[in-house]
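Notes for the one structure printed next.
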Amino acid sequence: MIWNEKYECMSRDELAHVQSKRLTEMIERIYFNVPFYRKRLQEIDFQPTDVVDVESLRQLPFTTKVDLRDNYPFGLFAVPQSQVVRLHASSGTTGKSTVVGYTHRDIQMWSEVVARSLTMAGIGREDIIQVAYGYGLFTGGLGLHYGAEKVGAAVVPISGGNTQKQLQLMVDFKSTVIACTPSYAAFLGEAIVKENIPRENIHLRAGIFGAEPWTEEMRAQVESLLGLQAFDIYGLSEVIGPGVSMECVCKNGMHIFEDHFIPEVINPDTCEVLPYGELGELVFTTVTKEAMPLIRYRTRDLTRLHVEKCDCGRTHVRMEKCLGRSDDMLIIRGVNVFPSQVESVLLEMRETTPHYQLIVNRENNLDTLEIQVEVDEQFFSDEMKDLENLKRKIQSNINSTLNLNARIKLVEPNTIERSMGKAQRVIDRRKK
Amino acid sequence: MIIKQLSVFMENKSGRLTEITRLIGEANINISAFSIADSSDYGILRMIVTEPDKAVAVLRDNGFSVSITEVICLIVPHTPGGLFRALKILSDNNVSIDYMYAFAMETEATVVIRTGAPQQAIDVLQRHEMQLVSASQIYRL
């Protein structure tokens, strides 16, 4: 099922035409309404009347998270404050939070892209969707909420956490869809087993999981725990929130809604634009956003784009699962490490739960990596040699994947803190 | 003659053993014998208790990884050469021992033995008139 066939399936030529038109209008608006961008554009002698297409977009400057912080809170808004109807803000763990604003039309556009996303997963009027993303300043909860209402599903706005209530409503309401982070989905799956809730009392058939990087192995695990089909949704609040891209039933990557967000992949060091299929940093230009349009926003997410038409009929490019946000990337003894790589190794072994944590430290000027893995009963052995073998096996698999020696520490079940939202996989104790 | 031994995964940090023994004690379960196998950051606590199934449930409910292993409990005279005679019977009959631990009381010692072939061990030991502790004796100890 396709929500908006006209735009989602239009030919690449038609799409380029739509993009250029919208891009030109957006740049003109931004030039006259945002002093920050006017200055940036004047520096490259850009004329507000210049027509901009996807090719010439490459001449324009990038926007970074630092620019957003420097213009905190409303410096990048392109509309008078009276037209802003919603404000969201990032958690701001590393400094001031990042603020994003929406006009009424922005909210409609956001609902549209989330509606397209949910339709990709076959979700419609008959569904009861439990939105277990956090409601509030985080865009996850409300983003999914509006899109789900738009497709006519019944929304259960339960927000994150409160696992007992989640399970109770899931059973009583016969919820068919759950939307949350993949780590919380795994947690809910375990809770169902622990509470001995009979499988036939769970009616979930689709899961909309996003807001943190996850792996194919994690997909298999969550699908089997919850008995549903897991779909990957991608987004970031700076661009709109969830619904920037979404996986269709072909599970061939996530379709980026290119009539609203123009993607590019660049070499993060040289900023050179890379051809389709090459790994690099994902960059977005928002062409329809009114309140806070961004030119070439660097997401710090690393991925590849594929342009070949998908079997589902959609023509929009597909992005691979992000290898990780470059912020999440750890550099340990000069080696680039993504927590997702560790997760893949652990889950491939099928002996460990997805509960793990990386502890990075510096001892005698040398970086150390400790991977704590919970010892689940399914592989707990009464014999020391079996546990030692397990440790060695994890260590050697990590070593061959990451090319890095890690210390493996087996810990008791439930000792790694569970997260109701984004899982905290890394504790970096090195002095910055 | 096969005895259920409880094995618990335990991190090497202070208070874990205290916590386990507290839970077992509060459930009114008596520990007859135990040993700890340890590595640098974790250990395996192995116990013979009066009510193994109840103990498993209590520990599991409190988030511990627990398993039940079948062992045998052999009674040997608390005299020089007592253990040797028992072990020789097993090795002569090709029964290998994974691990064992013992506790001695007055005139007798009890040895808990984990082997891959518990029934075979029982047969050969009984054939040689060695004394074994029965499950019912242990659970009432």
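Naming convention: chains lettered A, B, ... in sequence-line order (proteins, then strands); numbering from 1 in each chain. Both backbone and side-chain heavy atoms feed into the values below; hydrogens, waters and symmetry mates do not.
- Around atom OH of B:Y42, more than 12 heavy atoms belonging to other residues, nucleotides or ligands sit under 6.0 Å away.
- When every heavy atom of A:E383 is checked against every heavy atom of B:I44, the shortest pair comes out as C-CD1, 3.8 Å.
- With respect to chain A, the highest number of heavy-atom pairs below 4.5 Å among B:T69, B:V66, B:N12 belongs to B:V66.
- Between B:F9 and A:E412, the shortest heavy-atom contact is CE2-N, 3.7 Å.
- Contact record, A:F380 with B:V8: CZ-C, 3.7 Å, taken as the closest heavy-atom pair.
- Using non-hydrogen atoms only and a strict 4.5 Å limit, no part of residues 88-95 of chain B faces chain A.
- Minimum interatomic distance between B:S65 and A:D376 (heavy atoms only, all atoms of both residues): OG-C, 3.6 Å.
- Residue pairs meeting the salt bridge (charged side-chain N to carboxylate O under 4.0 Å, His left out) criterion with at least one partner in residues 61-76 of chain B, sequence neighbours excluded, do not occur; the list is empty.
- Here the side chains of A:K385 and B:Y99 are not in contact, with every heavy-atom distance at 4.5 Å or above.
- The two residues A:D382 and B:R46 make their nearest non-hydrogen contact at O-NH2, 2.8 Å.
- Only the backbone of A:S381 comes within contact range of chain B, judged by heavy atoms closer than 4.5 Å.
- Atom-to-atom distance recorded for A:L410:CG and B:M10:CE is 13.5 Å, nearest 0.5 angstrom.
- When side chains are defined from C-beta on, A:Q372 does not count as touching B:D41, because their heavy atoms never get closer than 4.5 Å.
- Atom CG of A:N403 sits in a sparse spot, with 12 or fewer heavy atoms from other residues, nucleotides or ligands closer than 6.0 Å.
- Listed for the B:E11 side chain is no donor-acceptor partner under 3.5 Å among the backbone atoms of A:V411.
- Taking 4.5 Å as the heavy-atom cut-off, none of the residues of residues 117-124 of chain B approach chain A.
- In terms of the ring pair (Phe, Tyr, Trp, His ring centres under 6.0 Å) criterion, residue partners of A:F209 (sequence neighbours excluded) are, by chain and number, A:W214.
- Residues B:S67 and A:E377 have side chains not in contact (no heavy-atom distance under 4.5 Å, counting atoms from C-beta outward).
- Dense packing is recorded around CD of B:E26, with more than 12 heavy atoms of other residues, nucleotides or ligands lying under 6.0 Å away.
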